[in-house]
Each structure stands twice: as C-alpha cells, then as structure tokens.
Amino acid sequence: MTLIPRDPLRAWLNVRHRYYNEVMKSISKRDLNQKTAEVLDRISAEDEPVLVTERGKPRWRIEPVDGHTDLWDKLRAEGRLSSPKSVETPWPTENPGDYTQAEVDVLLDWAKGEH
C-alpha cells in the first residue's frame with residue numbers, strides 16, 4: 001500500500017529541504033548576520049557553497065566567485081567533463097588522386113539525394 005501525501009507540494013518542499021540540508025552545508029539567516037566574516041572565510045577556504053535558511057526553509061545560496069573561474073576546469077573537477085576516448089584522425093595531407101567525371105557525377109547525385 002502506497003501512501004499518497006495530502007499535499008504533494010508540501011511533500012516536495014520537505015524532500016527538497018532535506019536534500020539541501022544533507023548535501024549542502026547550511027546556516028540560518030540569524031547566524032549569518034551574527035557571524036558574517038567567519039562564514040565568508042569558511043566559504044572561501046572550503047570553496048563550497050553554503051545554503052542560508054530563513055525559518056527553516058532554504059532561501060539563498062552563497063558561493064565563492066573566484067573559486068573556479070574557468071567553467072571547463074570546474075566541470076572537470078566535478079567529473080562532468082572528460083577527454084574524448086578516441087584519438088582524432090589527422091587531416092589527409094597527400095592528394096588522393098583525380099576523380100573521373102563519372103565518379104564526380106555519382107558523388108553529386110548521392111549528395112543531392114538522387115541515388
């Protein structure tokens with residue numbers, strides 16, 4: 001038997017709030033107000049965002065700007081970007097030879113879709 005929540009929006013907000021609290025470090029708005037310099041130093045040192053909550057609900061996210069200035073470096077560090085698995089084929093440098101008029105006609109017909 002599956003329980004269907006009475007209010008799906010409230011259930012979704014609870015899951016979202018739980019995700020932010022478990023995955024991302026959070027601090028209340030009041031604590032941020034009282035310890036702003038300490039929180040900003042911690043954000044800079046750890047290079048990770050901090051979620052600011054208001055009355056227990058996530059409202060803002062503070063993250064360092066200069067931590068990863070290059071998007072490609074950031075994606076590589078997160079493991080979302082990797083090098084290609086195959087080696088690029090070099091562009092041919094030698095002349096493959098002259099084509100006959102019949103071969104050219106066949107290629108043009110193929111390119112036009114008349115094959």
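Source: prediction; values computed, not measured.
- Contact record, Trp60 with Leu51: O-CD1, 3.3 Å, taken as the closest heavy-atom pair.
- Listed here is the closest heavy atom pair of Asn33 and Thr36: O-OG1, 3.5 Å.
- Between Leu40 and Ile62, some side-chain heavy-atom pair lies under the 4.5 Å cut-off.
- If you take CZ on Arg42 and NZ on Lys25, they are separated by 6.0 Å, rounding to the nearest 0.5 Å.
- The structure places CG of Asp41 at 11.0 Å from CD of Glu46, a figure rounded to the nearest 0.5 Å.
- In terms of heavy-atom proximity, Pro64 sits nearest to Ile43 at CD-CG2, 3.4 Å.
- Residue Ser26 comes nearest to Thr53 through the heavy atom pair CB-CG2, 4.3 Å, listed as atom of the first residue, atom of the second, then distance.
- In this structure, Arg30 places its CZ atom where only 12 or fewer heavy-atom neighbours from other residues, nucleotides or ligands lie under 6.0 Å away.
- Screening Lys29, Arg59, Arg61 against Val52 for a side-chain contact (heavy atoms from CB on, under 4.5 Å) leaves a single residue, Lys29.
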